[in-house]
Structure formats: C-alpha cells, structure tokens
Amino acid sequence: MRLSIFEKAVLEATRKIPFGRVTTYGEISRIIGRRRASRAVGNALNKNPYSPIVPCHRVVKSNGKIGGFNKGIKAKVKMLASEGIKVRDGRIFDFQKLFYHF
DNA sequence: GCCATGGCTAGTA
DNA sequence: GCCATGGCTAGTA
C-alpha cells in the first residue's frame with residue numbers, strides 16, 4: 001500500500017505524540033501546514049499501517065470527544081486506558097491538561 | 001461522492 | 001444541527 005505525501009506527513013506528526021498525551025485532528029492538520037484539512041487527517045489515520053507504533057489512538061476531536069478508530073471505539077478507549085488516559089462518557093478526562101500542543 | 005472534523009448559529013431552558 | 005473543507009478512491013470511458 002502506497003502512502004501519499006500528505007499521509008506520510010500526517011503519520012510523521014502523529015508519531016511525535018508522547019505516551020499518555022492526546023492531540024486533535026485539527027492540531028495535526030495545523031502543524032503539517034494544512035489548516036483546514038482536519039477531516040482529511042482523520043481519513044489518513046484511518047489507513048495507518050503502523051498502528052500502534054504510530055499512535056493514532058492518541059488523536060481525538062477538538063471538543064475532547066473520542067473521534068473514530070478503524071478497529072472500533074472500544075479498542076481506542078482501551079488503548080488510551082492502558083496509558084492512563086480516562087474516558088468519561090465519550091470524552092477525554094482532563095482534556096486540557098493532556099492536550100499535547102506541537 | 002465519501003468521511004476517524006470543526007466551527008458557528010439558532011434556540012431551549 | 002448544518003455545512004464548508006480537502007484528500008482519496010471507485011469506476012467510467
């Protein structure tokens with residue numbers, strides 16, 4: 001499977017999110033210079049061939065809600081939990097504090 | 001034309 | 001809730 005320039009940029013940025021932290025689709029789009037492509041970022045992460053090495057489970061929505069995951073939301077929540085990140089009714093607990101700003 | 005988003009507005013309580 | 005957004009793919013010709 002061949003990755004586009006855009007997809008590579010998305011994965012490269014995502015790789016930098018530290019363990020136990022989260023960021024947003026919008027933050028990724030901003031940092032790679034495609035400010036309005038947050039949705040396209042989600043599309044790219046959907047195809048992440050390197051999960052969980054490239055930790056796309058640490059990317060969530062700008063409002064602190066979980067967002068999607070190709071193996072199902074449940075799996076995403078479990079992976080986050082394994083890093084000490086709690087989810088309270090579909091939302092990241094302490095979102096502001098855990099938000100990794102590039 | 002689809003979609004793992006985001007930001008804004010109306011309008012409820 | 002609505003809709004602009006942008007990258008990608010299926011599938012036509």
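Atoms considered below: every heavy atom in the structure, side chains included; atoms not considered: hydrogens, waters and symmetry mates. All values derive from a computational prediction rather than experimental measurement. A, B, ... follow the sequence lines: proteins, then strands. Residue 1 opens every chain.
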What would the secondary structure line of DNA chain B be in dot-bracket form, counting Watson-Crick and G-U wobble pairs under 3.5 Å, with [ ] for pairs that cross earlier ones and | for pairs with another strand? |||.||||.....

Decide yes or no for A:F69 and A:K74: does some side-chain heavy atom of the first lie under 4.5 Å from some side-chain heavy atom of the second? no

Closest contact, heavy atoms only, A:F95 versus A:S62: CE2-O, 3.5 Å

Got a sec? Which of residues 55-91 of chain A come in under 4.0 Å of DNA chain C, heavy atoms? none

Grouping I, L, V, M, F, W and Y whenever their side-chain heavy atoms are under 4.5 Å apart, do A:I32 and A:V59 come out in a common cluster? yes

Set of salt bridge (charged side-chain N to carboxylate O under 4.0 Å, His left out) partners for A:K47, sequence neighbours left out: A:E7

Looking at every non-hydrogen atom in both residues, tell me the closest pair between A:L11 and A:P49 and how far apart they are. CD1-CD, 3.9 Å

With a 4.0 Å cut-off (strictly under) to non-hydrogen atoms of chain A, the first and last hit nts on DNA chain C, 5' to 3', are C:dA4 to C:dT9

Considering all heavy atoms, the nearest A:L98-A:F93 contact: CD1-O, 3.6 Å

Suppose we screen for side-chain hydrogen bond (donor to acceptor under 3.5 Å, both in side chains). Which residues come up paired with A:R30, at least two apart in sequence or across chains? A:E27

Once you round to the nearest 0.5 Å, how far does CD of A:E12 lie from CD1 of A:I31? 11.5 Å

For A:Y100 and A:F102, I'd like to know if the aromatic rings sit close, meaning centre-to-centre distance below 6.0 Å. yes

Residues A:V87 and A:L80: closest non-hydrogen pair is CG2-CD1, 4.4 Å

Atom of A:I28, atom of A:T23 and distance for their closest heavy-atom approach: CD1-CG2, 3.9 Å

Answer yes or no: is there a donor N or O on one side and an acceptor on the other, between the side chain of A:R91 and the main chain of A:K65, under 3.5 Å? no

Specify the residues of residues 21-48 of chain A, ordered by number, for which at least one heavy atom lies under 4.0 angstrom from an atom of DNA chain C. A:R34, A:R36, A:A37, A:R39, A:A40, A:N43, A:K47

